Amino acid sequence: MNWFHWLTIWAAFLQAGISHAIQLSIDDDDSIKSAAEQAAHGMFMWYSGNETGQNPGAFPEKWWEGSALFMAALQYWKYTGDTTYNAETSQGMEHQSGDAGDYMPSNYSTYLGNDDQGFWGLAAMLAAELQFPDVKDGFSWLSLAQGVFNTQVERWDTTSCGGGLRWQLFTYQAGYAMKNTISNGVLFQLSARLARYTNNQTYADWAEKIYDWMGSTPLLNEDTWHIADSVNIDDNCKSPGDNQWSYNYGTFIVGSAYMYNYTNDDKWLKRVNGFLGTTFSTFFPKNFGGNTMQEPCEPLEVCNNNEILFKGLVTSWLAYTALFIPSTKDKIQPKLKASAEAAADSCVGMGNNTCGVRWYQHKWDGWNGMEEQIIATNVFTSNLIIESSDKGPVTSDTGGDSKSNPNAGSSSDGDDGGQTLKKITTGDKAGAGILTALFVGVWVGMVAFMITGAG
Ligand SMILES: *[C@@H]1O[C@H](CO)[C@@H](O)[C@H](O)[C@H]1NC(C)=O
Ligand SMILES: *[C@@H]1O[C@H](CO)[C@@H](O)[C@H](O)[C@H]1NC(C)=O
Ligand SMILES: *[C@@H]1O[C@H](CO)[C@@H](O)[C@H](O)[C@H]1NC(C)=O
Ligand SMILES: *[C@@H]1O[C@H](CO)[C@@H](O)[C@H](O)[C@H]1NC(C)=O
Ligand SMILES: *[C@@H]1O[C@H](CO)[C@@H](O)[C@H](O)[C@H]1NC(C)=O
């Protein structure tokens, strides 16, 4: 042994002493699996829905986040083979599905937005596509996705702006006066995925219709491949709220990739590549090397819990896009690798591998929560997905056997003021009002800023 050897051992010893890290070798599947295992463990530390006296899958105050947790769990199971969280996932996804099997559970349905319900629909769709077994007594995964589709297309609103889904469902919600990208973008994606899985053209027609409507408003621009966040019905959807969020782009990228796979029409390929360009330049900034993902709210530390989750959704969607369209793989893969490596560097918090928000800092940034664990799990498993062409989303012709029910869901479960609409208590209204007032306040402020900034 020479002095250099001893120095190396000493350095390794010091490192082990000071940091507890997720060690990630990005080209080694076992290493990625082990990183995902640690992140997923942390993610379920925040979940108590399977304990006695708790409501499975319920996240009061942030109901939709359950869908993000379970989507991460489904991908974790499929691409690592670890079944640890399957029972909880199955139970939670069934329990929240509501009496009609359309993710309008009465505890939450009085203040939901179309986007909240839509994300649960995507979780059910993912379960069907990844061949997560249907439960014995309950709704099949496919029928739950169909239930969400059926209830949402009934809300397609031609009374203003030529169509589109409103953000929220009820007149007492402030978001009722808006049409937003993510609500329409999630239904677009869900329609595309249902079309491919079931080979039923009705779903594809809806995907086309939603995309075209988006393009007829300032929300989606095919010349610049720019996607805005929301429009207000008051001014006939003319002036967009232009915050840039990665999930708005991601949902149109992956939805277009599914449509390309289903139709083989080059217009969808062009759209995938167009939106990939703006996504890369906006969310993978050059100053961090151009491959590490960052949500624009991160540098000022103003991301809320919803917004923290976007990177996790988008990295997963990019991985599936690369699976469907191999010509995009060389562009997408370096971004998933660098982002996973940066995320792993952030998972050194609190002496127990707690992950942070700002991956680009390559250290723990002091943040912790279920959302941070979910996005780390997602970015690790995305690197497995992109190499798993043999385990891509199936269809009913390629092994998918989740039971179909084209008539799932029902309009009588509350969203149209039907008979079973539970009496809305003042408490419900107040809670909903607080949430939406916050959102709309931000939006109004932003528009004011844009107007004064332009003037
Ligand atoms: C890590 O420690 C923090 C603080 O004690 C705790 O809240 C969190 O649940 C722990 N996470 C894990 C994965 O053990
Ligand atoms: C909840 O699930 C976790 C596994 O993720 C398990 O360790 C725990 O025992 C379960 N709790 C109950 C009450 O089943
Ligand atoms: C709704 O609330 C009731 C009462 O707390 C609870 O028993 C039920 O499990 C909840 N349902 C859901 C879907 O969370
Ligand atoms: C659709 O995806 C499957 C893999 O899931 C692939 O085998 C097939 O070639 C794709 N079709 C088109 C038109 O891209
Ligand atoms: C196709 O989907 C539509 C919309 O849900 C449904 O009305 C129709 O019955 C479906 N067709 C078949 C053959 O399943």
Side-chain angles (χ1 to χ4, degrees), residues 48-67 91-110 112 116-117 120-121 129-131 138-139 142-154 156 187 190-207 209 254 256-269 272 319-329 385-386 388-400 403-411 413-414 422 425 428:
S48 56
N50 65 331
E51 281 156 28
T52 317
Q54 301 285 323
N55 300 330
F59 289 93
E61 313 300 318
K62 48 181 191 183
W63 179 71
W64 86 274
E65 289 198 22
S67 71
Q91 182 195 38
M93 286 180 61
E94 279 295 323
H95 195 74
Q96 292 305 316
S97 64
D99 294 340
D102 54 9
Y103 288 112
M104 290 287 294
S106 57
N107 291 1
Y108 305 103
S109 58
T110 51
L112 292 188
D116 301 307
Q117 182 198 19
W120 282 93
E129 290 172 334
L130 299 187
Q131 296 171 294
F139 298 108
L142 177 59
S143 76
L144 287 168
Q146 290 167 314
V148 170
F149 170 89
N150 288 339
T151 50
Q152 294 209 340
V153 296
E154 273 183 29
W156 189 255
L187 182 59
L190 182 65
S191 305
R193 292 169 71 166
L194 281 167
R196 177 178 174 273
Y197 189 97
T198 63
N199 205 25
N200 179 335
Q201 182 63 26
T202 307
Y203 300 121
D205 293 344
W206 269 99
K209 177 169 165 168
V254 74
S256 300
Y258 272 90
M259 284 304 282
Y260 180 60
N261 193 256
Y262 178 69
T263 61
N264 209 9
D265 180 337
D266 277 347
K267 81 178 176 197
W268 292 109
L269 180 60
V272 168
Y320 284 119
T321 299
L323 267 197
F324 285 129
I325 308 180
S327 62
T328 64
K329 185 178 172 186
I385 295 171
I386 197 169
S388 305
S389 48
D390 57 327
K391 285 193 193 157
V394 300
T395 71
S396 58
D397 292 330
T398 60
K403 203 165 167 343
S404 175
N405 177 4
N407 303 313
S410 89
S411 57
D413 66 339
K422 304 290 179 292
T425 66
D428 291 332

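Every number for a ligand or one of its atoms is a count from 1 in the order of the listing. Just so you know, these numbers come straight off a predicted model, no measurement behind them.
- For Asn150, every heavy-atom contact with ligand 5 shorter than 4.0 Å involves the side chain, none the backbone.
- Looking at Asn261 next to ligand 4, an N or O pair under 3.5 Å apart turns up.
- Listed by atom number, the atoms of ligand 5 under 4.0 Å from Asn200 heavy atoms are 1 (C), 2 (O), 3 (C), 8 (C), 10 (C), 11 (N), 12 (C), 14 (O).
- Close approach of ligand 5 to Thr202 (heavy-atom distance below 4.0 Å) involves ligand atoms 1 (C), 2 (O), 3 (C), 4 (C).
- Side chains of Gln201 and Tyr262: a donor on one and an acceptor on the other come within 3.5 Å.
- In this structure, the side chain of Gln96 does not engage the main chain of Pro105 through any donor-acceptor pair within 3.5 Å.
- A 6.0 Å sphere centred on NZ of Lys403 holds no more than 12 heavy atoms belonging to other residues, nucleotides or ligands.
- Counted by atom type alone, Thr395 and Asp397 present zero donor-acceptor pairs between their side chains at under 3.5 Å.
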Put together the list of close N/O pairs, under 3.5 Å, between ligand 3 and the protein, could you?
residue: ligand 3; atom: 2 (O); partner: Asn107; partner atom: OD1; Å: 3.4
residue: ligand 3; atom: 2 (O); partner: Asn107; partner atom: ND2; Å: 2.3
residue: ligand 3; atom: 9 (O); partner: Asn55; partner atom: OD1; Å: 3.1
residue: ligand 3; atom: 9 (O); partner: His95; partner atom: NE2; Å: 2.8
residue: ligand 3; atom: 11 (N); partner: Asn107; partner atom: ND2; Å: 2.9
residue: ligand 3; atom: 14 (O); partner: Gln96; partner atom: NE2; Å: 3.1

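- Numbered from 1 in the order shown, with element, the atoms of ligand 4 that lie under 4.0 Å from a heavy atom of Arg196 read 5 (O).
- Between the side chains of Glu129 and Tyr258, at least one donor N or O lies within less than 3.5 Å of an accepting N or O.
- At distances below 3.5 Å, not a single donor-acceptor pair connects side-chain atoms of Asn200 with backbone N or O atoms of Leu194.
- The heavy-atom pair separating Phe149 from Ser191 by the smallest distance is CE1-OG, 3.5 Å.
- Proximity of Lys391 to ligand 4, defined as any heavy-atom pair under 4.0 Å, is not found for any part of the residue.
- Side-chain atoms of Thr263 come within 3.5 Å of backbone N or O of Met259 as a donor-acceptor pair.
- When all heavy atoms of Asn405 and Gln146 are compared, the closest pair comes out as N-OE1, 2.6 Å.
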